[in-house]
Amino acid sequence: MSSADGTGEQLAFIRETVRRAKPRAARGVVLAERQPVARVLVDKGVLSLDQYFDYAVPESMSEDARPGVRVRVRFGGRVGAHGRREGGALHDGFVVERRDDSDYAGPLAPLARVLSPEQVLGPELLRLCRAVADRYAGTLADVLQLAVPPRHAGAEGEPSPRPLPPPGAPAAGSWERYVHGAEFLASLAGGHPPRAVWTALPGPEWPGEIARAVAATLASGRGALVVLPDGRAVARVDAALHELLGAGRHVVLAAEAGPQERYRRWLSVSRGSVHAAIGTRAAVFAPVRDLGLVVVWSDGDGSHSDPNAPYPHVREVALLRAAEEGAAVLLGGVSMTVEAAQLLRSGWARPLAAARETVRLTAPRVRTVTEYDQARDGAAQAARLPSVAWETAHEALTRGPVLVQVPRRGYAPRLACGRCRETARCRACGGPLESPAAGAVLVCSWCGTEEHDWHCTECGSFRLRAAVVGVRRTAEELGKAFPRIPVRTSGRDAVLATVPGAPALVLATPGAEPVAEGPGYAAALLLDGWALLNRPDLRAGEEAVRRWLTAAALVRPATEGGTVVVVAEAAARAVQALVRWDPAGHAGTELDEREELRFPPVSRMASVTGSARAVADLLGLLRLPAGADVLGPVPVFGGNGGGAGGAGAAGGAWEEGVERALVRVAPGQGAALAAALKAAQIARLALRGAETVRIRVDPTDIG
DNA sequence: AGCACGCCGACT
DNA sequence: GTCGGCGTGCTC
């Protein structure tokens, strides 16, 4: 509120108040000559203090307290009896801006300390984080926690390497297989920002293709960023970049490196000495200088969704970033999300795909079987394999490894009564019982209570059956069906990156499929397709297609005998998409349907979760844009997570009083929705305090 | 969140 | 008269 012409006055006031604020140090505190005010983001998680606070800058800190540095400040103290400032806990913060004056009328406290002169929060990163916070109705402090890694003094002390001059533009290589592939690379190399949704061909070439896109961008003198869903994918692109560009041109920002090494690499990017970064979801914030290209691989993968508030999605952050920094976008994957299809339909991005003929030559043959074609053969029957699947595997095992995709982890994750099929539940808490290994004692997967003498509460039967059979159980059964063939498993706790090209059965849960060395798998069996398709989730079809295509993409082309057998209803749309190898068509059809139903991403939704009272309060304070509607509130099953949104099964307990409402707005009203939610949240905190409401924009689990 | 100020009832 | 209940509001 201070006017520009009042600067001198304000300055005098600040000097005076600072002298008054710290009387004992007063003689020592000399205010900075230039820009004596530091606008600081105080990193105090709770209470929606999503605002800046001004602090006085002592001359001694003036040099170091540049925008973007980490500082410590006193916050929450009181001006005591004699105008003396006392108390106030120390908090971390970032200097956001240096100013000549403050619009705060009261006395300014001095910065307590500059933690280090490293400018970790540059103006572009700050703008991005601000945009992400706004997009997701979250606070800047929360986003910064995701975007700026924790400080490691040791790493800051070391100098970063000298930047290398730009490499030469790469040849198009396997990009030639795509209709506009070479053109896309040339555009990147020429310094332009093309935006593409890339439907990658099956096979092992995609990491190399990403590497070429990065190289082309570096050749234009700009930086590049690649975000991948998991460490194995990062390792593959890392290897491809090493092969194409050698060492020193890129860094890997992933958890496995350890905090100090990770911070060292992050600094080398932040300082501009390395121009390309690849990594998992947090890497989307990596402050690559002069960003020319953002690549997001397999944006439908759940790990691109950050589990921490405000739950940003890598794809959305990447798009915000590209828009702000004028960078090219490459949204690629073997499959295609509805969001990507929407970018194509709106014309924001252009398709990057191979001709139909090329797809036919690259993809494996896909066959469907229903569960009813169970094999007559004894061994195959024991393995619960349809005869076509058994025959395919049997033949393929003479030529190479066979991948078996099993949708659930563990041994037999859900057990049911063998007679009436009622789910077997824990007597202590009602949670589902599981069987850790053959013959082992049953254990509750919620509370861990052991069950020694189970019997069905409905019909009294003592017989159990596996409702969904997991990897390990299937491995045992297949081992019997294919004697002398080695069986390997890859799942959550033990993920294999690769398997040899020799004949073997390779069982994996979705997302954990190892890459087969050599020409790829001879065949793949996609079991229990119904389990994927019948989930009560808006994305069930899209997710099934993605998982199937991801596994099928590891199989040899049909021309080399590669075959995929999927056990699912052949008429289902998702199954057809796999058979025809048409992820773009499927995503387009899904988009049509979302449009009709006004579902995301055609509309934008947010969920509001909390006690019935708190949710009602927030909805009451919410001033929504025209055309918005509120669905619910409805009771939430299972409570605590925002994630587990399964339909309430009979016999389960409804968590007392927890409700969820969905708020939906028309296309283009997303920003208004987020702003309204945030305003309501702040208003609610001011009025009542306590009881929190979890707000989630783009909720993942809408049935 | 802390933490102080403030405007009401039971004590010395 | 004074101590202290925790309701309300501010923190640069």
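Numbers restart at 1 for each chain; the letters A, B, ... are given by sequence-line order, proteins then strands.
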For the pair His313(A) and His304(A), name the ring-plane relationship: parallel under 30°, tilted 30 to 60°, perpendicular over 60°. tilted
Side chain to side chain contact (heavy atoms under 4.5 Å, CB included) filter on Pro307(A), not counting sequence neighbours, yields Arg281(A)
Whole-Å distance, Gln51(A) CD to dC10(C) P, equals 12 Å
Min side-chain heavy-atom separation Arg99(A)-Arg39(A) under 4.5 Å: yes
Between CG of Leu41(A) and P of dT11(C) the distance, given in whole Å, is 17 Å
Tyr52(A) OH to dC12(C) C1', in whole Å, measures 14 Å
To the nearest angstrom, the CG-C1' distance between Asp103(A) and dT11(C) comes to 15 Å
Between CZ of Phe53(A) and P of dC10(C) the distance, given in whole Å, is 12 Å
Across all chains, not counting sequence neighbours, the side chain to side chain donor-acceptor pair (under 3.5 Å) partners of Arg151(A) are Glu156(A)
From CZ of Arg74(A) across to C1' of dC12(C) the rounded distance in Å is 14 Å
Atom CD1 of Ile682(A) and atom P of dG9(C) are separated, to the nearest Å, by 17 Å
When rounded to whole Å, the NE2 to C1' distance for the pair His91(A) and dC10(C) reads 13 Å
